[in-house]
Amino acid sequence: MLNIILCGAPGSGKGTQSDIIVEKYGLQHLSTGDALRQEIKSGSELGKEIDELIAGGNLVPDHKMIHLIERYIDNLPADCKGVIFDGFPRTVAQAEAFELLMERRHMKAVLLDLFVEEDEVIKRLLNRGKTSGRADDNYETIKKRLQVYQSETKPVCTYYLHRHNYFAINGNYSMEDTFSQIDTILKLIQ
Ligand code: ADP
C-alpha cells in the first residue's frame, strides 16, 4: 500500500494535489477537514461539538481525531491501493497514535511536506473565501490557523524527518510543477 500524509499550511494546495494523486495513482483520499465539515452539516453529536472550534480556527481534540481515523482505516475496501491522509496527523500526539495504529495493522505512511510562503497562502485563502462559504476563510481566522499550523503541525514534519519518512515539496510553483515533484517521489517509493 502507498500511504501518504500530505502536510502543509492551510492554503498550501493539499486538496488540489490530492485530487491529482488520486487520479494518477488510484488512492483513497481522506480530508479530515472535509470529513469534519460533513459532520457539522449532518447535525451529528460530533458535528455540534466541533462547530465552534473549527469556525475559530482551533483544532479538534486529538482523541476525537484518532478515533475517526481508526474507524476510517478499519473500513477501507479490501482492494485499497493506499490512502492520502490530507490534514492528519496535525499534532505530534496524533502522529504518535497514528504510527502505533498503523504498525499494529502492518501499514506505514510517508510524509510529504508541502511548503508555500505565508504571503502566498494568505492570498490564496482570501481568494478561496470569496466562494468557499467556509466560516474559517476570513483574515482573522486564517492568521489563527497559520499560527496553529506553526506551533502544532510543523513539529509533525520534524517527527517524520527523524523517522526518515519525510520528503519536502516546494509548493510555491504552479499546480503542475508541484505535482511533478510529488510524482517523482511517489514513483520512487511505490
Ligand atoms: P486547512 O488546511 O485549510 O486549514 P482543513 O479543511 O484541513 O483546512 O481543516 C479545517 C479545520 O478542521 C481545521 O482548522 C481544524 O479545526 C479541523 N481539523 C482538520 N483536521 C484536523 C486534525 N487532524 N486535528 C484537529 N483538527 C482538525
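In this chain, numbering begins with 1 at the start of the sequence shown. Indexing begins at 1, ligand by ligand and atom by atom, following the structure's order.
Any N or O atom pair closer than 3.5 Å counts here, and R145 shares at least one such pair with ligand 1. Checked against a 3.5 angstrom limit, the closest N/O atoms of K14 and ligand 1 fall inside it. Between L36 and ligand 1, no N or O atom pair is found at a separation short of 3.5 Å. Among the atoms of R134, some N or O lies under 3.5 angstrom from an N or O of ligand 1. Any N or O atom pair closer than 3.5 Å counts here, and V60 shares at least one such pair with ligand 1.
Between K143 and E140, none of the side-chain N atoms (NZ, or NE/NH1/NH2) sits under 4.0 Å from a carboxylate O, so this pair counts as no salt bridge. Between K187 and D183 there is a salt bridge, since at least one side-chain N of the basic residue sits less than 4.0 Å from a carboxylate O of the acidic one. Between E117 and K123 there is no salt bridge, since no side-chain N of the basic residue sits under 4.0 Å from a carboxylate O of the acidic one. Under 4.0 Å is where a charged nitrogen must lie from a carboxylate oxygen, and between K41 and D34 no such pair does.
Nearest protein neighbour of atom 23 (N) of ligand 1, counting heavy atoms only, is G87 O, 2.8 Å. Looking only at heavy atoms of the protein, atom 13 (C) of ligand 1 is closest to R90 NH2, 3.8 Å. In terms of protein heavy-atom proximity, atom 20 (N) of ligand 1 is nearest to T32 OG1, 2.8 Å. Annotation: atom 11 (C) of ligand 1 to nearest protein heavy atom, I54 CG2, 4.0 Å.
A donor-acceptor pair is defined here as one N or O able to donate and one able to accept, closer than 3.5 Å; such a pair exists between the side chain of Q94 and the backbone of R90. Within the 3.5 Å criterion, the main-chain N or O of N170 finds a donor-acceptor partner in the side chain of Q181.
Atoms of ligand 1 found under 4.0 Å from any heavy atom of R128 (numbered from 1 in listed order, with element): 3 (O). Residue-ligand proximity, R37 to ligand 1, at heavy-atom distances under 4.0 Å covers atoms 6 (O), 10 (C). The distance from ligand 1 to the heavy atoms of Q94 drops below 4.0 Å at these ligand atoms: 22 (C), 23 (N), 24 (N), 25 (C).
E176 meets the side chain to side chain contact (heavy atoms under 4.5 Å, CB included) test with S174; sequence neighbours excluded. The side-chain hydrogen bond (donor to acceptor under 3.5 Å, both in side chains) search around R134 returns D136, not counting sequence neighbours.
For L59, heavy-atom contacts with ligand 1 shorter than 4.0 Å involve the backbone as well as the side chain. Under 4.0 angstrom from ligand 1, there are no non-hydrogen atoms of E152. With a 4.0 Å heavy-atom cut-off, ligand 1 is reached by the backbone of N58 but not by any atom from C-beta on.
A donor atom on one side chain and an acceptor atom on the other are found under 3.5 Å apart for S44 and E39. Between the side chains of Y159 and R163, at least one donor-acceptor pair of N or O atoms lies under 3.5 Å.
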